[in-house]
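I have placed the structure first, in the form of structure tokens, so that the comments after it can refer back to it.
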Amino acid sequence: MRKVLITGAARGIGYELCKIALSDGARVYGSVRTQEDADRLHAEFGDDFTPLVFDIRDRDDVAEKLTQIDALDMLINNAGIIGPDDSDTTTASLEAFSDVFEINTFAPLQMAQLLLPKLKASDHPAILSISSQMSWMGYAKSDHISYRASKAALNKIMQGLATDLAQHEIPVCVVDPGWVRTDMGGEGADNDPLDVAKGIWQIAKGLTMSKSGKFIRWTGEERDY
Ligand SMILES: NC(=O)c1ccc[n+]([C@@H]2O[C@H](COP(=O)([O-])OP(=O)(O)OC[C@H]3O[C@@H](n4cnc5c(N)ncnc54)[C@H](OP(=O)(O)O)[C@@H]3O)[C@@H](O)[C@H]2O)c1
């Protein structure tokens, strides 16, 4: 049975990913921030789902909670925030910038570092991180600049992680989910979160070293960084 950790399980893409992974026979650890969400999801998903309660910014607590995981095949870094929408670079609050980077950029790296021993012991390991088309360097737009920058930095870190983990045959990739109808994406977004989760799960299950270091659309095609 494949063992998977998905961060940000309480709603949005992460919630749908948990559903899809469980329906495909995986054993799922899902990170949530409240005991209420932990109880809700456990009641809905059953005993193949183990909630882990932590805020991804609290590094010591994350490290402690991850000791509950005995073995792991796949890490899906999904939790994220959009941050301030008025983050014009000339006036942006560095505190707000820092918070967005803590959640979107540093936390996924910490998760990978902490879980590396378990992933090295897996026969079919994989690390996926949900990025965004807003990371693309071809856009000169500056709205949500902290979000754009945090995801561009996430891409670079995960590309480097792919390089460093090649010797251990652990594939690492980043995924562009498109624009998705969640609390973050809003009602007018293009894509249904369940469809996107199904696409991401197919990428996760089929991730091999030939795709490591790539930026992949939720529909499966490689795209430019
Ligand atoms: N929606 C889109 O159009 C879109 C487009 C491109 C990329 N993405 C990316 O896709 C991923 C999922 O987005 P979504 O649309 O599903 O967002 P969402 O509906 O807003 O859900 C975000 C999830 O992240 C969790 N989270 C936020 N801050 C956290 C923290 N400090 N510690 C732990 N968990 C935290 C939330 O937990 P709580 O429920 O406890 O708040 C929630 O489960 C994100 O990385 C996002 O950047 C989304």
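Each ligand, and each atom within it, is numbered from 1 in the order the structure gives. Quick caveat, the model's predicted, so the values are computed rather than measured.
Between Glu95 and Asp99, the closest side-chain pair of non-hydrogen atoms is not below 4.5 Å.
Partners of Arg148 according to the side chain to side chain donor-acceptor pair (under 3.5 Å) rule, which considers only residues two or more places apart in sequence or in another chain, are Asp143.
Taking any N or O of Pro177, backbone or side chain, none lies under 3.5 Å from an N or O belonging to ligand 1. Of the polar atoms of Lys151, at least one N or O is found under 3.5 Å from an N or O of ligand 1, judged by distance alone. Residue contacts with ligand 1: Gln133 is placed with no nitrogen or oxygen under 3.5 Å of a nitrogen or oxygen of the ligand (distance criterion only).
Close to ligand 1: Ser131, with a non-hydrogen atom less than 4.0 angstrom away. For the ligand labelled ligand 1, residue Gly178 lies inside the 4.0 Å heavy-atom shell.
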Step-by-step side-chain contact (heavy atoms from CB on, under 4.5 Å) determination, Leu207 to Leu128: CA-CA 9 Å; Leu207 194 65; Leu128 281 82; 3.9 Å; yes
CA sep, side-chain torsions, deciding dist, call: Asp70, Lys118, salt bridge (charged side-chain N to carboxylate O under 4.0 Å, His left out): CA-CA 8 Å; Asp70 55 350; Lys118 293 178 174 78; over 6 Å; no
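Every atom of ligand 1 with a heavy atom of Ala10 under 4.0 Å away is listed here by number and element: 39 (O), 43 (O).
A donor and an acceptor atom, one from each side chain of Gln133 and Ser135, are nowhere located under 3.5 Å apart. Side-chain contact annotation: Thr7 with Asn77, donor-acceptor N/O pair under 3.5 Å absent.
If you look at Arg181 next to ligand 1, there are no close heavy atoms at all, none under 4.0 Å. Looking at Ile103 against ligand 1, only its side chain comes within 4.0 Å, counting heavy atoms. The parts of Ile13 lying near ligand 1 are both backbone and side chain, judged by heavy-atom distances below 4.0 Å. Looking at Tyr147 against ligand 1, only its side chain comes within 4.0 Å, counting heavy atoms.
Geometric assessment of Arg223 against the ring of Tyr225 yields a negative cation-pi assignment under the 6.0 Å and 45° thresholds.
Between Phe97 and Phe101, the ring planes lie parallel to each other; the angle is under 30°, not in the 30° to 60° tilted range.
At the top of the distance list for atom 26 (N) of ligand 1, counting protein heavy atoms only, stands Ala79 CB, 3.9 Å.
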